[in-house]
Amino acid sequence: DAEAVKLAEAALDHHPQSAACQNNAGIARLTAGDVAGARKALLKAIELDPSRPGPYYNLTILEKYYALDDAAAARWFAKYHTLSNDDPDGIGATLDATESRNLAEGNKP
C-alpha cells in the first residue's frame, strides 16, 4: 500500500492537473487507510474533470465502507449513475437494500 501511494504521488508530481492521476492517488490513499487524503484527491479529480465517473464511484466506496455513511454513499452513487450505468462491485444494490431497510424502519435514508 505504501508503495502504491508513492507511485501515485510520483504520477501527481508529473501531472498535477490530471483527473485520472488524482483518482488513482485517491484509490491508493484509500487502500492505505488514509480516508481524508483519499477524499481530498477524489474531490480534486472531480473538480478537474466532473465528466469522469470513476471518482464518484470511488467516493461511494469510501463513504459506504470506510466512512460508514450510507446516505453520503447514496448521494455519490446517484451522481455517478448520471454518468455511467456500470456497477462493477454491485454497490448500487447494497445501497438500495440499505435505503429500503431504513424506510421500512421509519428512518430517513
Leu59 and Ile46: CA distance, side-chain angles, deciding distance, side-chain contact (heavy atoms from CB on, under 4.5 Å) verdict:
CA-CA 10 Å; Leu59 279 164; Ile46 290 170; 3.5 Å; yes

Could you go through Leu43 and Arg39, starting from their C-alpha distance and side-chain angles, then the distance that decides it, and tell me whether this counts as side-chain contact (heavy atoms from CB on, under 4.5 Å)?
CA-CA 6 Å; Leu43 290 171; Arg39 185 180 283 117; 3.8 Å; yes

Check the pair Thr31, Val5 against side-chain contact (heavy atoms from CB on, under 4.5 Å), reporting the backbone distance first and the verdict last.
CA-CA 9 Å; Thr31 59; Val5 172; 5.9 Å; no

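Scanning both residues, Pro16 and His14, for their nearest heavy atoms gives CD-C, 3.6 Å. Ala8 approaches Ala25 most closely through the heavy-atom pair CB-CA, 3.7 Å. Closest heavy-atom contact between Arg29 and Ala41: NH1-CB, 3.2 Å. Contact record, Asp86 with Ser84: N-OG, 3.1 Å, taken as the closest heavy-atom pair. Contact record, Tyr57 with Asp87: OH-OD1, 2.8 Å, taken as the closest heavy-atom pair. Heavy-atom minimum distance, Ala20 versus Arg52: CB-NH2, 3.5 Å.
Using a 30° and 60° split on the angle between ring planes, Phe77 and Tyr80 fall in the tilted class, from 30° to 60°.
Under the 3.5 Å distance criterion, the side-chain polar atoms of Thr82 are matched with a main-chain donor or acceptor of Lys79. Using modelled atom types, one side-chain atom of Tyr56 and one backbone atom of Pro50 make a donor-acceptor pair closer than 3.5 Å. The closest donor-acceptor contact from the side chain of Asp49 to the backbone of Ser51 lies under 3.5 Å.
Using a 4.0 Å cut-off between charged side-chain N and carboxylate O, Lys6 and Glu9 make no salt bridge.
Using a 4.5 Å cut-off on side-chain heavy atoms (C-beta onward), Ile61 and Ile27 make no contact. Within the 4.5 Å cutoff, the side chain of Gln22 has heavy atoms near those of the Leu12 side chain.
The line from OG of Ser18 to CG of Asn24 is 7.5 Å long, rounded to the nearest 0.5 Å. Note that the CG atom of Leu42 and the CD atom of Glu63 stand 10.0 Å from one another [nearest 0.5 Å]. Between the CG atom in Asp70 and the OG1 atom in Thr60 there is a gap of 11.0 Å [rounded to 0.5 Å].
Follow the hydrophobic side-chain contacts under 4.5 Å out from Ile91 and you reach Leu30 in the same cluster.
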